[in-house]
K.L.:
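Handing you this structure, nothing more for now.
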Amino acid sequence: MLLIYNLFLRFYLILIFISSFFNKKAKKWLDGRKNNNVIRIDACVWFHFASLGEFEQGRPVLESMRTLHTGHVIVITFFSPSGYEVRKNTPLADHVYYLPLDTAKNAAEFIGNINPSLAVFTKYEYWYHYFSELNKRDIPLYIVSGIFRPKQVFFKWYGGLYRQMLGFVTHFFVQDDQSQALLQTVGVTNVTVSGDTRFDRVWQNARSPKRLEVIEKFKASKPVFIGGSTWPPDEELIATLIPLYPDWKFVIAPHEIGEAKIQALLKLLPEGKAIRFSEINAPLALDNYAVLIIDNIGMLSSLYQYGEIAFIGGGFGAGIHNILEAAAFGLPVIFGPRYEKFKEARDVVEKQLGFSVVNQEELKEVADILIADRAYRTETGEKIQAYVKANTGATEMILTFINFK
């Protein structure tokens with residue numbers, strides 16, 4: 001099985017190489033690893049994140065570590081360019097690198113260079129050679145905000161190698177009881193149900209959001225419907241609402257902000273009624289615009305403070321994006337049908353604080369209720385915000401357990 005694993009990684013590298021000739025993200029993935037200049041250090045705490053989403057998820061642990069243990073050198077690695085390129089200069093780390101491809105040689109060299117006293121991996125990312133090398137060197141390895149589902153390879157008859165990876169982990173901090181129960185079925189008992197550190201992150205963010213003066217001017221005194229991390233199928237639905245609710249303003253923050261994507265979005269919107277954030281200048285009057293397109297990265301987590309309702313994108317593709325950022329500000333959330341992998345989405349649907357829709361008719365039905373009945377909208381918002389607050393505390397539990405020496 002290890003031979004197959006190694007062959008797969010080499011095949012993956014070949015695919016990345018071929019893709020790099022026409023895919024910018026693949027080129028960054030490849031070039032980033034070629035240009036990794038790993039500095040040899042005596043000791044560190046190593047945090048690894050698959051991508052930007054996992055960074056934000058594990059950020060409360062990282063920030064607390066930085067604040068409480070100022071003498072520690074912190075190394076961060078990313079698998080994906082979307083994490084590295086955005087956070088390569090974060091003040092929360094002393095060194096930020098791409099994670100070299102998972103080979104026995106790379107794992108031994110990288111770990112030998114950074115000399116971690118412990119390693120913290122967030123949610124996903126199970127790499128055999130890195131885990132094995134940490135285990136050989138008796139370096140503690142912790143998984144935080146872990147989530148497990150029955151269909152994962154760990155629980156299949158052919159998942160022996162992946163179950164071996166689980167055995168290299170010092171302790172798992174998982175999001176829910178189901179994850180703990182599944183791990184127990186394969187003999188893994190070093191597990192604590194701590195919850196999801198994302199709740200701590202979004203709650204902290206909602207308590208002290210960044211003020212966005214342009215959004216305040218655009219909003220004026222009108223209610224705002226926010227589309228967050230949207231994809232084209234989400235945007236097609238949101239666009240149908242705009243002419244129906246002339247007293248509302250709409251802010252759309254697409255997941256991808258390439259020029260072609262923005263132009264495609266503009267074609268869906270009422271002509272002359274939409275403006276891009278990058279086009280706004282000081283003397284421009286915003287009263288005549290119904291839609292604001294956020295064509296930059298980094299505003300969304302603070303943007304929700306100005307909204308009344310949020311539509312979270314991704315639910316017609318691989319899966320919805322983060323609903324908790326909006327929920328922490330007390331916004332009822334709407335999203336597409338692919339949300340089952342996300343516990344918080346299942347929770348809010350069950351509690352009728354979040355709403356899954358599959359087409360224009362269902363979206364209009366939900367929007368009509370939330371927009372027409374202000375008291376219901378306010379009550380739903382208060383309850384979803386209380387749900388977020390009730391699930392905070394994972395970071396404190398993790399830091400109490402892990403012995404940062």
K.L.:
Is the CD atom of E256 crowded by more than 12 outside heavy atoms at less than 6.0 Å?
P.N.:
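Counting other residues, nucleotides and ligands, CD of E256 exceeds 12 neighbours.
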
K.L.:
More than 12 heavy atoms of other residues, nucleotides or ligands under 6.0 Å from CD of E365: is that the case?
P.N.:
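Atom CD in E365 is not packed in, count stays at 12 or less.
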
K.L.:
Determine whether a donor-acceptor pair (N or O, by modelled atom type, separation under 3.5 Å) exists between the side chain of T192 and the backbone of S194.
P.N.:
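Checked: no pair found.
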
K.L.:
Ignoring hydrogens and angles, state whether a donor on the side chain of D102 or Y5 is under 3.5 Å from an acceptor on the partner side chain.
P.N.:
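On atom types as modelled, these side chains qualify, holding a pair under 3.5 Å.
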
K.L.:
To the nearest 0.5 Å, what is the distance between CG on N322 and CD on E344?
P.N.:
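The distance works out to 7.0 Å.
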
K.L.:
Do S80 and S82 meet the criterion of a side-chain donor-acceptor pair at a distance under 3.5 Å?
P.N.:
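Side-chain D/A pair, S80 to S82: present.
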
K.L.:
Run the salt-bridge test on E63 and R66 with the 4.0 Å N-O cut-off and return the result as yes or no.
P.N.:
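Here E63 does not pair with R66 in a salt bridge, since their nearest N and O are not under 4.0 Å apart.
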
K.L.:
Taking T77 as the fixed residue, which of F110, Y98, F47 is the one that meets the side-chain contact (heavy atoms from CB on, under 4.5 Å) rule?
P.N.:
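One option only clears the test, and that one is F110.
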
K.L.:
Please answer whether the main-chain N or O of Q57 pairs with a side-chain N or O of R198 as donor and acceptor at a distance below 3.5 Å.
P.N.:
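Not confirmed, R198 side chain does not pair with Q57 backbone.
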
K.L.:
Any sub-3.5 Å donor-acceptor pair from N190's side-chain atoms to V169's backbone N or O?
P.N.:
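The answer is yes, because a donor-acceptor pair under 3.5 Å joins these two groups.
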
K.L.:
Applying the side-chain contact (heavy atoms from CB on, under 4.5 Å) criterion to E125, which one of Y130, F131, F79, F49 satisfies it?
P.N.:
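Exactly one candidate clears the test, F79.
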
K.L.:
R346 and E350: salt bridge (Lys or Arg N to Asp or Glu O under 4.0 Å), yes or no, with the steps?
P.N.:
CA-CA 6 Å; R346 299 195 306 269; E350 181 182 343; over 6 Å; no

K.L.:
Rounded at 0.5 Å granularity, tell me how far CG in L212 sits from OG in S302.
P.N.:
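Rounded to the nearest 0.5 Å, the CG-OG separation comes to 5.5 Å.
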
K.L.:
Using 0.5 Å steps for rounding, measure from the CZ atom of R201 to the OG atom of S145.
P.N.:
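Between R201 CZ and S145 OG, I get 13.5 Å after rounding to 0.5 Å.
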
K.L.:
Less than 3.5 Å apart, any donor N or O on the side chain of S132 or N135 sitting next to an acceptor on the other?
P.N.:
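On atom types as modelled, these side chains do not qualify, holding no pair under 3.5 Å.
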
K.L.:
Do any pairs count as a salt bridge (charged side-chain N to carboxylate O under 4.0 Å, His left out) and have a residue in residues 227-236, sequence neighbours left out, and if so which ones?
P.N.:
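Of all non-adjacent pairs touching residues 227-236, none passes salt bridge (charged side-chain N to carboxylate O under 4.0 Å, His left out).
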
K.L.:
Distance check, rounded to the nearest 0.5 Å: Y126 atom OH versus F168 atom CZ?
P.N.:
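With rounding to 0.5 Å, OH (Y126) is 14.0 Å from CZ (F168).
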
K.L.:
NE2/H129 to CG/L101 distance, rounded to the nearest 0.5 angstrom?
P.N.:
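That separation rounds to 9.0 Å.
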
K.L.:
Give, for atom CD1 of I402 and atom OG1 of T170, the distance between the pair rounded to the nearest 0.5 Å.
P.N.:
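These two atoms lie 9.5 Å from each other.
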
K.L.:
With the threshold set at 4.0 Å, does a side-chain nitrogen-carboxylate oxygen contact exist between R374 and E308?
P.N.:
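Between E308 and R374 there is no salt bridge, as every charged N stays at least 4.0 Å from the carboxylate O atoms.
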
K.L.:
Taking atom NZ as the centre, does K219 end up with more than 12 heavy-atom neighbours from other residues, nucleotides or ligands that are less than 6.0 angstrom away?
P.N.:
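Result for NZ/K219: enclosed.
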
K.L.:
Around atom CD1 of I297, are there more than 12 heavy atoms from other residues, nucleotides or ligands closer than 6.0 Å?
P.N.:
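At most 12 heavy atoms, drawn from other residues, nucleotides or ligands, come within 6.0 Å of this atom.
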
K.L.:
Is the charged tip of K28 near the ring of Y84: under 6.0 Å from the six-membered ring centre and within 45° of its axis?
P.N.:
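No, K28 and Y84 do not form such a contact.
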
K.L.:
State whether K343 and D176 are salt-bridged, where the test is any N-O pair (Lys NZ or Arg NE/NH1/NH2 against Asp/Glu carboxylate O) under 4.0 Å.
P.N.:
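Salt bridge flag = no for D176 with K343.
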
K.L.:
Test F225 against every option in F250, Y245, Y304 by the ring-ring contact (aromatic ring centres under 6.0 Å, His included) rule and name the one that passes.
P.N.:
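The passing option is F250.
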
K.L.:
Using a strict threshold of under 4.0 Å (side-chain N to carboxylate O), is an ion pair present between E213 and K217?
P.N.:
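Answer for the salt bridge query: no.
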
